[in-house]
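Here's the structure, in structure tokens; my notes come after.
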Number of protein chains: 2
Amino acid sequence: MSDIRVLVVEDEPIASAAHAAYVQRLDGFSLAGTAPDGQSALRLLAEFSAAGNPVELVLLDMNLPDLHGLDIARRMRSSGLFADIIAITAVRELNIVRSAVAIGVVQYLIKPFTYATFAEKLTNYRLFREQLASSDDGKNKTGASQSDVDQAFASLRTPSELQLPKGLSVSTLDAVKDFLRKEDAAVSASEVMDELGMSRVTARRYLEYLADAGSVSRAPRYGAPGRPENEYRWTRA
Amino acid sequence: MSDIRVLVVEDEPIASAAHAAYVQRLDGFSLAGTAPDGQSALRLLAEFSAAGNPVELVLLDMNLPDLHGLDIARRMRSSGLFADIIAITAVRELNIVRSAVAIGVVQYLIKPFTYATFAEKLTNYRLFREQLASSDDGKNKTGASQSDVDQAFASLRTPSELQLPKGLSVSTLDAVKDFLRKEDAAVSASEVMDELGMSRVTARRYLEYLADAGSVSRAPRYGAPGRPENEYRWTRA
DNA sequence: ACCGTTGCGTTCATATTGGTCATGAAAGGT
DNA sequence: ACCTTTCATGACCAATATGAACGCAACGGT
């Protein structure tokens, strides 16, 4: 799959350069350009679109000298530019989140943010696109089902793998992830317990977390007597 | 908090009435009206908006006689109508999901769906609104943080578990439902057993549940020796 | 018409696992 | 050194698919 073309819209030069660098540093994305204000952003978007090389994602700062981010989004939609938008905003103006969602903002970044947070949001977006593409173009001629769409939307949601929930540790999580990646087939909690020497409760907790985060898929294993055993399979590239 | 005003846009009278009934049955929502095509939908939205009583959520069918759902959404945005949209579509046109997201579709429902699915999506939307309102208006003068926004987005996009009778599991039910939707012809319990690898008893239990819930029809299949076999067919619109 | 045959519907006990709680050990801060 | 916080564990109860056993309804040959 080719890279997702990104336009960075940000008036402050230092922040703009930082965002641009972030994009180039991230796999699966390529920088289409940068714009310091709303007018030039709209012009650039229109030019790329006319050249048959449209921008697919806009990192849009809400505070710009000439236009507010919401206005830019509105004008984009009015003129038939349907690039997805990740909004970047300062802490105070949270009351515009709802309007932003209605215009098609897919993610929301609050300044100041770290590279890790940035990478998480963009990666979620990429996973969303990939899941949609695979359930659509794939061999599944019968069409995708509600659960497929739900799962795609779920990967757009943040699996805060940066900030682990209480009770989980990084090293244990890495061990479980490594084991899952190594195994091609689906594994059960008991198998993880045996292989890694941890308790079943612990193994299950980490597997469950990974399932919620979207990194692994979870399905019951039928055929044997007893309560069905969940089996987990690594899905994330 | 007052109810969320909903407009139902759907050309088929039976489906329209069903969706309207669903809305009225659901806590926290009230029906603002119904529209059978795109033109009247846009007119109604404009009228409500002018009367200072705007619609906040639109249940928008994608297949309408005059305009495609995406066009309606686009015109809404162009004319300054920023109601949120839950898209309703048939299985085939999944390729428009991405465009839909860009115009601000917050949820996606695939026909045919059950009331439970419908209620889940709308409830998620309501939770999203409430979380946003509480973290904004609340005492938290320092403003909301990234995690607040993340949490709100999460409740919009996380499939919430709906209540099932004891003895049934969500994933198994999903598997059976997906299989039934994929098969156009009526299927027997034995066929479900073979295809999904579960036992005959289990398959039958889930099929019976779906039949009781009204999602599938049940009829005996004659012609072969032995006790007649029930066959199940997906019917829910 | 009758009756054996056939295969599914139905019920129940059983086998395992999922989930939760409180406990214990280790790590980190004061 | 003491207290607080964090994470893994063991033991418990609840949940859920399975298999076997029995009953039932239509078919088909006599």
Side-chain angles (χ1 to χ4, degrees), chain A residues 160-180 183 185-213 216-233, chain B residues 158-180 183 185-213 216-233:
Chain A
S160 51
E161 203 165 311
L162 322 159
Q163 201 167 356
L164 286 175
K166 294 296 178 191
L168 278 71
S169 74
V170 179
S171 48
T172 311
L173 181 65
D174 283 345
V176 174
K177 280 202 287 193
D178 282 349
F179 178 66
L180 275 171
E183 295 292 317
V187 296
S188 71
S190 311
E191 285 158 5
V192 172
M193 167 185 78
D194 287 339
E195 200 65 29
L196 298 183
M198 56 179 60
S199 83
R200 205 194 70 214
V201 180
T202 303
R204 224 189 56 77
R205 236 200 352 225
Y206 282 89
L207 289 170
E208 210 52 36
Y209 165 71
L210 287 171
D212 281 345
V216 303
S217 67
R218 168 184 40 200
R221 177 186 288 174
Y222 304 105
R227 175 166 180 163
E229 183 178 23
N230 280 337
E231 59 180 24
Y232 303 84
R233 185 193 308 268
Chain B
T158 303
S160 71
E161 299 223 352
L162 32 90
Q163 211 159 6
L164 281 177
K166 295 287 183 192
L168 278 69
S169 74
V170 181
S171 40
T172 308
L173 183 63
D174 279 346
V176 173
K177 278 201 289 194
D178 281 350
F179 177 65
L180 275 172
E183 295 292 316
V187 298
S188 71
S190 307
E191 285 159 3
V192 173
M193 167 185 80
D194 286 339
E195 198 65 29
L196 299 183
M198 56 179 58
S199 83
R200 204 188 68 210
V201 179
T202 302
R204 226 191 59 78
R205 197 143 46 102
Y206 282 90
L207 289 170
E208 278 306 309
Y209 165 72
L210 288 172
D212 286 343
V216 304
S217 68
R218 169 183 37 199
R221 174 190 290 173
Y222 304 103
R227 176 166 181 167
E229 186 178 18
N230 281 337
E231 59 179 24
Y232 303 84
R233 185 197 306 269

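All values reported here derive from a predicted model rather than from experimental measurement. Residue numbers begin at 1 in each chain, while the letters A, B, ... track the order of the sequences.
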Result for 5'-nearest mapping on DNA chain C, choosing between B:E229 and A:A189, is B:E229

Atom-pair distance (CD on A:E191; P on C:dT17), nearest Å:
10 Å

Identify whether any heavy atom of B:T172 sits under 4.0 Å from a base atom; if not, whether one sits that close to sugar-phosphate; answer base, sugar-phosphate or nothing.
sugar-phosphate

What's the OH-C1' distance between A:Y209 and D:dC7, to the nearest Å?
16 Å

For D:dT9, does either OP1 or OP2 sit under 4.0 Å from a side-chain N or O belonging to A:R200?
no

Find the distance A:Y222:OH to D:dG19:C1' and express it as a whole number of Å.
17 Å

By nearest atom, which of the nucleotides D:dA11, D:dA17, D:dC7 is closest to the A:V201 side chain?
D:dA11

Distance check: side-chain N/O of B:S190 vs OP1/OP2 of C:dG7, anything under 4.0 Å?
no

Length of the line joining B:L173:CG and D:dA15:P, which is rounded to integer Å:
18 Å

Please report the interatomic distance CZ(B:R200) to CE(B:M193), rounded to the nearest 0.5 Å.
7.0 Å

Is any side-chain N or O of B:R227 under 3.5 Å from a base N or O of C:dT5, one able to act as donor and the other as acceptor?
no

Quick one: A:E231 CD to C:dT17 C1', roughly how many Å, whole number?
14 Å

Roughly how many Å is it from CG in B:D194 to P in D:dT18, rounded to a whole number?
13 Å

Could you tell me whether the phosphate oxygens of D:dA17, OP1 or OP2, come under 4.0 Å of any side-chain nitrogen or oxygen in B:Y206?
yes

Please state how far atom CZ in B:R221 lies from atom C1' in C:dG9, giving the value in whole angstrom units.
15 Å

Reckon A:T202 has a side-chain N or O less than 4.0 Å from the OP1 or OP2 of D:dT9?
yes

Write down the distance between CZ (B:R204) and P (C:dC12), rounded to a whole number of angstrom.
14 Å

Counting side-chain heavy atoms from C-beta on, which of D:dA25, D:dT9, C:dT10 comes nearest to A:R205?
D:dT9

In terms of side-chain heavy atoms of B:M198, which of C:dC8, D:dT18, D:dC7 is nearest?
D:dT18

Heavy-atom closest pair, residues B:Y206 and B:S169:
OH-N, 2.7 Å

Between CD of B:E191 and CG of B:L207, what distance do you get to the nearest 0.5 Å?
10.5 Å

Within the structure, does a side-chain N or O atom of B:S199 lie under 4.0 Å from either OP1 or OP2 of D:dG19?
no

Measure the shortest side-chain to side-chain distance between A:M198 and A:V176 over non-hydrogen atoms and say whether it is less than 4.5 angstrom.
yes

When rounded to the nearest 0.5 angstrom, what distance separates CD in A:E231 from OG in A:S217?
8.0 Å

